[in-house]
Structures are given as structure tokens and as C-alpha cells.
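Single-structure report; data block below.
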Amino acid sequence: MGDIVDVAREQVLERGVGLSQEQLVEVLQTTDDRLPELLALAHEVRVKWCGEEIEVEGIISLKTGGCPEDCHFCSQSGQFTSPVRAVWLNIPELVQAAQETAATGATEFCIVAAVRGPDARLMSQVKAGIEAINAAVEINIACSLGMLTQEQVDELKAMGVHRYNHNLESARSYFPDVVTTHSFEERWETCLMVRESGMELCCGGLVGMGESLEQRAELAAQLAELEPHEVPLNFLNPRPGTPFGDMEVMDGKDALRTIAAFRLAMPRTVLRYAGGRELTLGDLGTRDGLLGGINAVIVGNYLTTLGRPATADLDLLAELKMPVKELQKTL
């Protein structure tokens, strides 16, 4: 069978073949003393199969809070007593946020809405927003609007949406413990439609929600099966008032092992730092992850939680001599 790090070096680094679910469990079980070696390998894999560049993205919430779904980690659900309440952004605010995002050097700007799926009102607002952003600033526009119909996929593609985000959230086997108002299969179906439309698929999940190591490996393997262009990796930031509000924050070493495992599962994918990294990893761990397989960051704030100042991330990238990917309009 051989040592898993040696196996990964030959299979993933040399041949570009991602690790299987069973192999990923072994990676997640490696001891702390092997962590530097594991992160170094994941970094080599990233540089070889993705290149040196780091992609920078900003996100903005068009509609925050009041969501009818019961995702147990999310303070935007209207079902919980969390302090987030429904708010809509107007178009000028959206354009301003896109301009501020572009000024950081970001190439992607993602419009997010806390909904089960978009209704006609939201679709028309997104269309107006995209037109206004395109008139004001040059940046790729991504959307995250929940579950879609085929007709809505086609509409977003026609609007010029570059990338669509729809996370699996968790492994299929753990999903019913995380969400009860819709199924894993419904999310999967949206991801397939997006991928087949020609839009880039951005699909990730959360770790540190009480899942087992086996289920963490399962999530990585299921994401690899979807072959998304980008995988945002979120670490649970327990939000007051949600069912997961009292959970312990994930151990930093476990988080770094997870980053390495996801990179070894998907050698060619954009692996993006997303929510919870500041709390889970802190400054030192953030640096370790950037040298352990991560090749994209969300700068600034998240949807309901504060991130690091964009300048802190950009300064760190400069210090690590990691070039920021330049905007190349693909549409």
C-alpha cells in the first residue's frame, strides 16, 4: 500500500490524478508531525497543476437574511433566532461594491442572495445589477442565488454571468444533519445544469460541522466528481442562534490537513479560502494554507461575518511573492 504521502507524491504530483475517497481518509488521519511535509506536497501540486497565480475575489450580498431554508450553520435562515434580518441592496450600492472590489486587484465579483432559489423579481434585479456593473467597471461577475431551473441557468448565462456558485455544503451522507428543507440531490442537480451550460461552476462546502473524517473525505470526493472550476472551502464559524451555534471551532491543524486533502483530491481546481479561516487558522495558519494548496482568496468581508482587511491579505500575498491573477475577460 505504501505511505500515503509517498503515494500522493507519485499519483497526484507526478501524474495529476486526484486521490480517492479511501486515500483521502488516510491523508486526514496523518499525524501532526507529518503536517509540514503534507502541506509542502500540496503546495507543489498546486504550483505544478494550477500555476503560481492567486485569484482574488470580492463578494456582496444583494439580499441578506430571511431565507426560508434551515441550513444549520447559517445565520441568514429566517427559521432561527439569529440577529441577521432580511435586507436588500440597491443597484448603486452594488456598483460601488464592484468598483471597490476591482480596486483591490480582484478579478471576480460575486453577487449573492439568501434565497432557496431566485424568483422573477430577483432575476430582474440581478440583470439590472450586472448591466450597471458592466457599464462601470471591468470585472468578471459571478452569482450565487440558490437552486435553479434550467430556464434560470440559461437566463444567467445570457446575462453574461461568468461563474455560478452553489455549494454542496456537506457530504451526501451527512447532509440530512445539516439541512432538512431541501436535499443533497437538489443541490447536485443545479451544479450539473450550471456545468453543462458552459458557465464556470463554483462548488464547495463547509467543514468542522461535526462530520467524521470519513465524511470530510466523502465531501472532497463528491466535489471532485463534479469537476468544479472552483471550490470555496469554508470552516464553520459558529453563529449565535443557529443549531450549530454552540459547536467548537475546528482545530487549526485539522483545517490545514483538510486543505491539503482537498488539493490532493482536486489537483487542477481553484481552491479558495472562504468563510471561517480567520477564526480557525488565524494569521499564521492563513499563511500555512497559502503554502499548502490554496490558490484563491476572498478579500474583505463575508456575507454576515467580518473578514480580514483586504490589504492584510494582499500584503501577505506580496510577502509570499505570490502573483495576483490579472483580469482576463473570458466572455
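Between E53 atom CD and N295 atom CG the span is 10.0 Å, to the nearest 0.5 Å. The distance from the CD atom of Q152 to the CE atom of M159 is 9.0 Å, given to the nearest 0.5 Å. A distance of 10.5 Å separates CD in E22 from CD in E214, rounded to the nearest 0.5 Å. We find the CG-CG distance between L264 and L41 to be 5.5 Å, quoted to the nearest 0.5 Å. Annotation: the span from R187 atom CZ to L192 atom CG amounts to 13.5 Å, rounded to 0.5 Å. The distance from atom SG of C110 to atom CZ of R163, rounded to the nearest 0.5 Å, is 9.0 Å.
The minimum heavy-atom distance between F109 and I139, with the atom names listed, is CB-CD1, 3.8 Å. Taking all atoms of both residues into account, the shortest heavy-atom contact from G289 to I259 is CA-CD1, 4.2 Å. Across L168 and W188, no two heavy atoms sit closer than the pair CD2-CE3, 3.9 Å. Nearest heavy atom pair, residue C191 against residue L201, reads O-CD2, 3.7 Å. In terms of heavy-atom proximity, G205 sits nearest to L219 at CA-CD2, 4.4 Å. Minimum heavy-atom separation, L148 to V153: CD1-CG2, 3.7 Å.
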Apply side-chain contact (heavy atoms from CB on, under 4.5 Å) to the pair L320 and I54, showing each step before the final yes or no. CA-CA 11 Å; L320 295 174; I54 297 281; over 6 Å; no
Could you go through L314 and T104, starting from their C-alpha distance and side-chain angles, then the distance that decides it, and tell me whether this counts as side-chain contact (heavy atoms from CB on, under 4.5 Å)? CA-CA 8 Å; L314 296 171; T104 68; 4.0 Å; yes
For side-chain contact (heavy atoms from CB on, under 4.5 Å), just list the numbers for V95 and V137, CA-CA rounded to whole Å, side-chain angles, deciding distance to a tenth of an Å, and then say yes or no. CA-CA 8 Å; V95 171; V137 63; 5.8 Å; no
Would you sort out whether R239 and N237 count as a side chain to side chain donor-acceptor pair (under 3.5 Å), showing the intermediate values? CA-CA 6 Å; R239 306 316 297 153; N237 180 345; 2.9 Å; yes
Derivation of the side-chain contact (heavy atoms from CB on, under 4.5 Å) call for L291 and L39: CA-CA 7 Å; L291 294 170; L39 291 171; over 6 Å; no
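Between V12 and L19, some side-chain heavy-atom pair lies under the 4.5 Å cut-off. Using a 4.5 Å heavy-atom threshold, the side chains of V56 and T107 count as separate. Residues E169 and F73 have side chains in contact (heavy-atom distance under 4.5 Å, counting atoms from C-beta outward). Using a 4.5 Å heavy-atom cutoff, the side chains of H229 and V270 are in contact. In this structure, the side chains of V194 and H166 stay at 4.5 Å or more apart for every pair of heavy atoms. When side chains are defined from C-beta on, M266 counts as touching L223, because their heavy atoms get closer than 4.5 Å. Counting only heavy atoms from C-beta outward, the side chains of I130 and I111 approach each other to under 4.5 Å. Put simply, the side chain of E57 reaches to within 4.5 Å of the side chain of I298, judged on heavy atoms.
R116 pairs by the salt bridge (Lys or Arg N to Asp or Glu O under 4.0 Å) definition with E69, E186, not counting sequence neighbours.
Between the T181 side chain and the D70 main chain, a donor and an acceptor come within less than 3.5 Å of each other. S124 places a side-chain N or O within donor-acceptor distance of the main-chain N or O of R121, the cut-off being under 3.5 Å. At distances below 3.5 Å, not a single donor-acceptor pair connects side-chain atoms of R272 with backbone N or O atoms of L233. A donor-acceptor distance shorter than 3.5 angstrom exists from the side chain of R263 to the backbone of T269, with no hydrogens or angles considered. A donor-acceptor pair is defined here as one N or O able to donate and one able to accept, closer than 3.5 Å; no such pair exists between the side chain of Y164 and the backbone of L156. Looking only at distances, a side-chain donor or acceptor of W49 sits under 3.5 Å from a matching main-chain atom of L13. Although no hydrogens or angles enter the test, the distance criterion places a donor-acceptor pair under 3.5 Å between the side chain of Y273 and the main chain of T286. For the pair N140 (side chain) and E108 (backbone), a donor-acceptor distance under 3.5 Å is absent. R195 places a side-chain N or O within 3.5 Å of a backbone atom of L226 that can act as its donor or acceptor partner. Using modelled atom types, no side-chain atom of E211 and backbone atom of A171 make a donor-acceptor pair closer than 3.5 Å.
Hydrophobic clustering of Ile, Leu, Val, Met, Phe, Trp and Tyr side chains at less than 4.5 Å, counting indirect connections, keeps L28 apart from V45. Residues F184 and M147 are members of separate hydrophobic clusters, defined by side-chain heavy-atom contacts under 4.5 angstrom among Ile, Leu, Val, Met, Phe, Trp and Tyr. F262 and Y174 fall within a single hydrophobic cluster, where Ile, Leu, Val, Met, Phe, Trp and Tyr side chains are chained together by heavy-atom contacts under 4.5 Å. The hydrophobic cluster containing I141 also contains L122, counting ILVMFWY residues as joined when their side-chain heavy atoms lie under 4.5 angstrom apart, directly or transitively. Under the 4.5 Å side-chain heavy-atom criterion for ILVMFWY residues, a single connected hydrophobic cluster contains both L290 and L35.
Remark: K253 NZ is loosely packed, at most 12 non-hydrogen atoms of other residues, nucleotides or ligands lying under 6.0 Å away. For CG of D246, the number of neighbouring non-hydrogen atoms (other residues, nucleotides, ligands) closer than 6.0 Å is 12 at most.
Considering Q215, Q222, R216 in turn, Q222 is the only one that fulfils the side chain to side chain donor-acceptor pair (under 3.5 Å) rule with E218. For the side-chain contact (heavy atoms from CB on, under 4.5 Å) criterion with R257, the lone passing option out of T30, L213, T31 is T30.
In summary, E14 and R9 do not engage in a salt bridge, as defined by a charged side-chain N under 4.0 Å from a carboxylate O. The pair E185-R172 meets the salt-bridge criterion, with a side-chain N (NZ, NE, NH1 or NH2) lying under 4.0 Å from an Asp/Glu carboxylate O.
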